[in-house]
Every structure is written in C-alpha cells, then in structure tokens.
Amino acid sequence: MSDPRSGKRRERLLKWLQDAYAMEQEAETMMKAMASRIENYAELAARIGQHVQETRQQSESLRQCIQSLGGSVPTAKGLFASLTAAMHAAGNSMMEDEVVKGIGLSFGFENTEIATYRALVVAAERAGATDIAAVCGQILQEEIAMARWLEDHQDVLVSAFLDRDETPGAEAKR
Ligand SMILES: [Fe+2]
C-alpha cells in the first residue's frame, strides 16, 4: 500500500514549484526593467542580462517540473507578480541613486530565491522526486552565483557611483 503522506507531499511540492514560477516571472520583469535603464555601469548591466537568460531557462525548467506533477503554471499569480515587480522597478527609478538601490533590491531578491530553492530541494526529496530535487539544486547554484556576484561587486559599483556623483556634469544615477 502506498504511503498516505505521499499525496500530501506531492501537493506541497507542486504548490512551492508554482510559487517559485511566479517568483521567477517577477524576477525577470524586475531585472529586465533594471538592465534596460542602466547607462553607466556596463558590467552590472551585463551580469543582470546574463541572469535574465538564466531566469528564463529556470522558468522553463520549473514549468516542466510542474507539468510532470500534473499541475499547470500559475498565470494569474504570475501576472500579478509581474505587475508588482514593474511597480518596484518604477519606484526605484525615481530615486536619484537608482543603481545603488537596485543592487540592494537585487541582493535581497536573490537571497529570497536561494531560500526558496533550498526549501524546494528538501520538499522534492521528501516527495521522492529526485529529478525535481536535481533541477532545483541546479537553479539554487545559479541563484547563489548571482547573489555572490552582487556581494563581490557592490563596493566597486558603489565607489563608481560615488565617483560619478562627485564629478560635476557626470550622470551617476543609473
Ligand atoms: Fe535569480
């Protein structure tokens, strides 16, 4: 006889995968808005652009995991998250130190993603879905790499902002 908890475990896993999918929609919207506005910080724009590509691939992998469990991707939730993200990005764009605030916002978001995928790996293993655990473990590594990059480059980017800010006629904001 099958374990009565297994249905519950798969249900939980599916729900968290759907939450992660919505989160990635939000991340993509936010990062695309940010990257398109950066004018003076090429290295940051390039790294964000790379992570946008990774994020698209992650969404696709999540979609496959969700469908393998018989679920569907959350469109309404994803749309709402995208709207929230667009508002976030727009609010940020009004700050005179947009790039500095954007780095902080991104660092926070990446760390939320890290916690999300750690939880997903645990839930997938409990549900006996080793293939999904592997997918989430791989995505987790990409999120850790992005968070680390932001951490490693924050000092240099903030200094670059302050250099421009102190230079008459130079645009520092983005
Ligand atoms: Fe990410």
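Whatever order the structure lists ligands and atoms in, that order sets their numbers, starting from 1.
Of all heavy-atom pairs between A147 and N111, the closest is CB-ND2, 4.3 Å.
Within the 2.8 Å limit, E142 places no N, O or S atom next to the Fe ion (ligand 1). Not one N, O or S atom of E54 sits under 2.8 Å from the Fe ion (ligand 1). Taking backbone and side-chain atoms together, E24 has no N/O/S atom less than 2.8 Å away from the Fe ion (ligand 1).
With sequence neighbours excluded, the residues satisfying side-chain contact (heavy atoms from CB on, under 4.5 Å) with V135 are S61, C65, I139.
Without hydrogens or angle criteria, D165 side chain to F161 main chain gives no donor-acceptor distance under 3.5 Å.
The OE1 atom of E113 and the OE1 atom of E110 meet at the Fe ion (ligand 1) at an angle of about 70°, given to 10°.
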**OP:** Mind running side chain to side chain contact (heavy atoms under 4.5 Å, CB included) on Y41 and I103 for me, showing each step along the way?
**Re:** CA-CA 11 Å; Y41 307 89; I103 291 164; over 6 Å; no
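Looking at Q25 and S59, their side chains come closer than 4.5 Å, going by heavy atoms from C-beta outward.
Here the N, O or S atom of E143 that is nearest to the Fe ion (ligand 1) is OE1.
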